[in-house]
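To start, the structure itself, in structure tokens.
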There are 2 protein chains.
Amino acid sequence: MSDGVTGLIETEVRAEPRNGERRRGIDRVITLLEALLRQRAPMRVGDIAKMIGAPRSTTYEIVNSLLEAEMLENVGTEGYVYFGKAMHLFGWAYSHHNAHYRRIIETLDRLGEETGETVQLCGLRGNKYVVLDCRDSPGPFRISSDVGVEVPIPWTASGRLLLGHMSKQEIQDFIPPGDYKLPDGRVIAPAEFFGDVALARQQGFSETAALADRFTWCMAAPIRDGNGAINKTLCFVLPVDTPEARRSELLVQLCERARGLSLAGS
Amino acid sequence: MSDGVTGLIETEVRAEPRNGERRRGIDRVITLLEALLRQRAPMRVGDIAKMIGAPRSTTYEIVNSLLEAEMLENVGTEGYVYFGKAMHLFGWAYSHHNAHYRRIIETLDRLGEETGETVQLCGLRGNKYVVLDCRDSPGPFRISSDVGVEVPIPWTASGRLLLGHMSKQEIQDFIPPGDYKLPDGRVIAPAEFFGDVALARQQGFSETAALADRFTWCMAAPIRDGNGAINKTLCFVLPVDTPEARRSELLVQLCERARGLSLAGS
DNA sequence: CGTTATTGTCCGATATTCCAGACAATAGGC
DNA sequence: GCCTATTGTCTGGAATATCGGACAATAACG
């Protein structure tokens, strides 16, 4: 489990734990599933209850319902639960319901095979960046962050592209202030970041070197939807010492493929 | 979309629509997601309400909550919703949380590539058979049923293996009587089916020719978990006129790979 | 342009869900 | 063996989520 970007797990989830407040079952379910996604490992009911700030009795009730629906599954010797088969099926349905997504996955496969590099499909989830799918390089060099883990947008090359439609003001309102702080303590000046976003928009691609961690060179190219908006990107994660010649070759390929997947202007 | 096995979509979902009864939000959510999976296409809120037998106002409320959590997503011009990004992430987490599943997927990939045939990973979901993942043959011959669609167990080769741990009586209680009726109207005698199950258990594989539809020859091999139980199968879907020599060659490969993936007795 | 169906939103009331807390049963820790 | 922490289950009561139905706004039809 790549500990670089992934490592930081906060214990609190997001909710305002205003005491004495009663919450809907649906909201509990949503919070629970998101907590499980963050944890990225089977959890015990008691710990889930603590993590989402719900009464134990309620948590048991909900977990049992979800177990019955196979949205959760018992795993390991005893007491641990994690996502279940139904989730797999729902997720599969999501990613195959349109021909476009299927084409993207095929391209991801091919790109990974042909280049032997780590390739990712990225997008936004709320005001965070997430990896939607990836093909890891077969070599010993394996640095991709896990699918589904939320990462601050300014840490990533793709993030600079995905904000291309926003004004400086909108970006300012959108990004939580703390997200400009990198894992090693450095802080990206917002003004610089706005410049990066503008540059990415102008160039039609974005690169970052040794940003979120010291070892990677990332390059991202936009996939545009029918309206020309960018809501997904294709992205290489390379060793930072990859020679320039190789990098520019890969960049060209990446941009070509991403353009081929875009729906507008074709 | 392969219409053979998939085509039959009932409108009712499963619930007993005892009138005047009030239902929990959680249960509504579960029913809703299952309905969407059955439909296998974006739906409008009104139709969802009808399909799951919920009041419109309630359905709107729930759908909006799920939209906000990105468990559902607006799709198309207006009013249609389908599974959302969060589902994809949950499902991805499910299928990658253990090394065993990852190994299975790799084998599926390799088997599909090497043979060029349609390969499936199958399992049970309640008392139905479902395809969990598949690699479609690249040729014009593409007959696999869709991932996640529930199919009566007696229609399938894998089903015969997956019931291997049950007694005749247990099987009888487990399979809904209507499930012995094939799509073309023929009916499988339960006694014959019990025999098939026993044979599959004894042989360690199962084959069906032109059963669920006239064009396919299916062969399935068991993947055993740590206790020796069969809860997944690997399975080829071949054109029914595949020569015997080729078939037996594939069968050997399939059984080898499946045994390699089994956790017990290795 | 009426007539009929739909869609999305809002409201008040009541049937119910969610919560707090108690309970027995294990499982350590020392 | 005593003390503490945990797990899974149950219960009664009160806060509230679900429901039926009304509403305006479109849309579909002839």
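Convention: sequence-line order gives letters A, B, ...; per-chain numbering from 1.
- The two residues A/L67 and A/N74 come nearest to each other via the heavy atoms CD2-N, 3.7 Å.
- Put simply, CZ on B/R28 is 12 Å from C1' on D/dA17, counting in whole angstrom units.
- Of all heavy-atom pairs between B/I153 and B/R160, the closest is O-NH1, 4.3 Å.
- Not counting sequence neighbours, A/R103 has no partner by the side chain to side chain donor-acceptor pair (under 3.5 Å) test.
- Regarding contacts with the backbone of D/dA17, every side-chain N or O of B/R23 stays at 4.0 angstrom or more from both OP1 and OP2.
- Within the 4.5 Å cutoff, the side chain of B/W92 has heavy atoms near those of the B/H96 side chain.
- For residues 52-62 of chain A, the set of pairs meeting the side chain to side chain donor-acceptor pair (under 3.5 Å) definition, not counting sequence neighbours, comprises A/E61-B/R24.
- In this entry the distance linking CG of A/D27 with P of C/dT17 reads 16 Å, nearest Å.
- As a whole-Å value, the separation of A/I62 CD1 from D/dT9 C1' is 16 Å.
- Atom NZ of A/K168 and atom CZ of A/F193 lie 12.5 Å apart (nearest 0.5 Å).
- Between B/P154 and B/I175, the closest side-chain pair of non-hydrogen atoms falls below 4.5 Å.
- One atom, CD1 of B/I26, and another, C1' of D/dT18, lie 14 Å apart when rounded to the nearest Å.
- Across every non-hydrogen atom of B/I230 and B/P222, the tightest pair is CD1-CB, 3.6 Å.
- One can place CZ of B/R22 at 16 Å from P of D/dA15, the figure rounded to the nearest angstrom.
- Residue pairs meeting the salt bridge (charged side-chain N to carboxylate O under 4.0 Å, His left out) criterion with at least one member in residues 125-134 of chain A, sequence neighbours excluded, are A/E34-A/R125, A/R125-A/E150, A/R125-B/E70, A/K128-A/D179, A/D133-A/R135.
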Please produce a list of atom pairs where a protein N or O lies less than 3.5 Å from an N or O of nucleotides 24-29 of chain C.
none

Expected rows: protein N/O vs nucleotides 6-10 of chain C N/O, under 3.5 Å:
residue	atom	partner	partner atom	Å
C/dG8	OP2	B/Y60	OH	2.5
C/dG8	O5'	B/Y60	OH	3.4
C/dG8	N7	B/R56	NH1	3.3
C/dG8	N7	B/R56	NH2	3.4
C/dG8	O6	B/R56	NH2	3.0

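- Atom CZ in B/R24 sits roughly 12 Å away from atom P in D/dC19 (whole-Å rounding).
- A distance of 8.5 Å separates CG of B/L124 from OG1 of B/T233, quoted to the nearest 0.5 Å.
- Summary of helix geometry: the two end axes of the helix from C/dC1-D/dG30 to C/dC30-D/dG1, each defined by five base pairs via their C1' atoms, are inclined to each other by 50° (rounded to 10°).
- In the model, B/E68 has no side-chain atom that pairs as donor or acceptor with a side-chain atom of B/N64 under 3.5 Å.
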